[in-house]
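Here the structure comes first, spelled out in structure tokens, and everything after it is commentary.
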Number of protein chains: 2
Amino acid sequence: MDNYSKFKEITNKWKLLVAADIVAFSFQERQLKVLLVKRKYEPGVGQWAIPGGFVREDESLEESALRELKEETGLAKDCYLEQLYTFGEVTRDPRGRVISVAYMVLINEPEKLKLKASDDATDAQWFSVDDLPPLSFGSAHRKILEYARQRLHWKLEYSNVAFSLLGAHFTLTELQRLYESVYNEKLDKRNFRKKILSLDLVDPVDKVSSELGRPAQLYNARTKKLKIYTRIV
Amino acid sequence: MDNYSKFKEITNKWKLLVAADIVAFSFQERQLKVLLVKRKYEPGVGQWAIPGGFVREDESLEESALRELKEETGLAKDCYLEQLYTFGEVTRDPRGRVISVAYMVLINEPEKLKLKASDDATDAQWFSVDDLPPLSFGSAHRKILEYARQRLHWKLEYSNVAFSLLGAHFTLTELQRLYESVYNEKLDKRNFRKKILSLDLVDPVDKVSSELGRPAQLYNARTKKLKIYTRIV
DNA sequence: CTAATAGTGTCTTTGAGACAGTATACT
DNA sequence: AGTATACTGTCTCAAAGACACTATTAG
């Protein structure tokens with residue numbers, strides 16, 4: 001037996017299942033929402049869970065995450081994708097040892113997506129982060145969600161990533177509501193606008209919104225490319 | 001065949017090799033150092049590389065990282081351990097598909113460690129981060145090191161983690177040198193001390209250092225437990 | 001004119017950063 | 001005396017945060 005075959009023989013028994021799990025956030029009805037799917041198979045049939053699946057030999061972790069997401073949502077084109085953390089406790093998954101690489105995805109126009117059943121799920125739905133159903137894989141998935149929320153909070157403070165949760169045009173009030181729902185606290189309108197405008201994050205567009213009350217100036221993001229600042233809001 | 005066996009059969013072919021790679025930092029001779037090992041086996045025999053190894057079925061990722069480190073350094077008791085990132089491009093490792101979970105470890109009293117050969121390495125040595133030898137796994141390991149340095153930089157700015165790189169007692173000048181070597185820039189002595197002291201990060205101890213020149217007050221960290229601040233230095 | 005939302009400016013306080021001279025120990 | 005290092009305080013400027021009224025639209 002040559003060295004390589006020997007190596008393979010030895011290492012084969014060390015191979016582990018690797019899953020990519022996705023926390024997909026969106027901002028709808030003034031609330032931060034997260035995408036959950038209803039599991040089709042054991043363990044936890046019929047329960048809600050974070051979408052995810054096993055990473056295949058011929059795809060990268062990112063490709064795997066996006067593939068899973070696509071299966072659930074039809075598509076998520078040019079959405080923001082960020083690796084969160086890799087969970088690898090020995091007893092996480094009742095099926096055996098699974099390494100779970102968690103990703104966060106920000107969806108900017110969730111209304112346009114057609115949520116649908118997939119190979120692994122009978123249903124997919126947006127839930128308000130403050131009103132989640134019981135989760136399959138109980139504490140493990142809850143931990144991932146908690147971690148994702150923290151990361152999102154931090155990222156809003158220090159980067160322009162908020163725009164990845166908004167459509168092409170938005171009002172400053174909408175932007176503020178997004179911050180408020182992620183921070184879970186009220187912000188001062190004048191200070192908020194002062195800060196956003198002073199950072200040159202947005203440009204006014206030649207349109208106004210058509211809601212109740214006085215129409216609001218619409219803006220677009222100067223860039224959706226991620227930029228890190230020392231502090232935003 | 002029952003469902004579970006079927007599941008196993010299906011998922012077995014999806015199993016992947018998972019490695020834990022460790023970037024171990026220390027602060028010696030006024031410089032930030034990183035631990036590298038000389039590889040005993042292919043690929044890259046005789047070249048320097050980041051220590052690491054495959055994660056086994058019955059150990060968590062952290063346990064695996066610490067085990068590898070222990071094999072190289074004899075021991076690393078109560079050192080700071082933080083997961084950095086998981087690298088999973090398809091073509092990373094010449095041996096085939098490997099998922100690499102990178103960890104950062106901070107060693108506080110490196111002089112006390114006895115570096116030694118291990119099962120996987122013929123040698124282990126500290127290198128100044130600004131003067132690294134050619135690395136096995138070339139760009140992949142260099143990328144991990146770069147990432148680790150950035151993370152360490154960020155962490156020094158926003159937390160008290162610096163103390164995990166220092167011994168029980170240290171002078172403020174030593175602490176400043178540590179910051180300077182990680183930031184790669186000179187800091188103002190008065191502003192630095194003002195900031196550190198105002199944050200109540202350290203307590204003076206009843207000793208002075210015995211170097212050349214005027215003896216310096218020694219301090220110890222009020223706590224080594226990680227605390228995140230809005231900004232340190 | 002009422003309800004609903006958009007938009008705007010000032011003051012205070014805090015912290016960052018620039019900056020240079022004195023003190024202590026050893027030889 | 002000379003050298004090497006420790007230690008200390010003030011001023012300026014920018015940004016954070018507290019705070020309340022006017023403007024525009026639809027009904």
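Residue numbers begin at 1 in each chain, while the letters A, B, ... track the order of the sequences.
Taking the ring centroids of A:Tyr179 and A:Phe192, they lie under the 6.0 Å cut-off. You'll find the ring centres of B:Tyr85 and B:Phe87 inside the 6.0 Å limit.
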Base, backbone or nothing for each nucleotide of nucleotides 14-23 of chain D, written B, S, -, heavy atoms under 4.0 angstrom, 5' to 3'? --SBBBB--B
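When the P atom of C:dT14 is taken as reference, atom CG of B:Leu199 falls 16 Å away, rounded to whole Å. Atom pair B:Lys186:NZ and C:dA18:P shows a separation of 15 Å (rounding to whole Å applied). Distance CD (B:Gln217) to P (C:dT24): 14 Å, rounded to an integer number of Å. Here the C1' atom of nucleotide D:dA6 and the CG atom of B:Leu218 are 12 Å apart, to the nearest Å. Between A:Gln176 atom CD and C:dG7 atom C1' the separation is 12 Å, expressed in whole Å. In this structure, B:Leu197 places its CG atom 10 Å from P of D:dC7, rounding to the nearest Å. Residue B:Leu187 contributes atom CG, which lies 15 Å from atom C1' of C:dC19 at whole-angstrom precision. Going from atom CZ of A:Phe192 over to atom C1' of C:dG7 covers 14 Å, rounded to whole Å.
In this structure, B:Glu211 and A:Tyr219 both approach DNA chain C, and ranking their closest nucleotides by distance from the 5' end singles out A:Tyr219. Along DNA chain C, the nucleotide closest to A:Gly213 and the one closest to B:Leu212 are compared, and the more 5′ of them pairs with A:Gly213.
Side-chain atoms of B:His141 never come within 3.5 Å of backbone atoms of B:Ala49 as a donor-acceptor pair (strictly under, hydrogens ignored).
In this structure, B:Asp130 CG and B:Arg149 CZ are separated by 5.0 Å, a value rounded to the nearest 0.5 Å.
Considering only the side chain of B:Arg193, D:dA6 comes nearest among C:dG7, D:dA6, C:dT24.
Backbone-only contact: B:Thr173 has heavy atoms under 4.0 Å from sugar-phosphate atoms and none from a base.
For the residue pair B:Ser164 / B:Asn108, no side-chain donor-acceptor distance below 3.5 Å is found, with atom types taken as modelled.
Using the six-membered ring where Trp is involved, A:His153 and A:Tyr183 have ring planes that are parallel, under 30° apart on the 30 and 60° scheme.
Look at B:Arg151 and B:Glu82 and you find a salt bridge, because one of the NZ, NE, NH1 or NH2 atoms lies within 4.0 Å of a carboxylate O, short of that distance.
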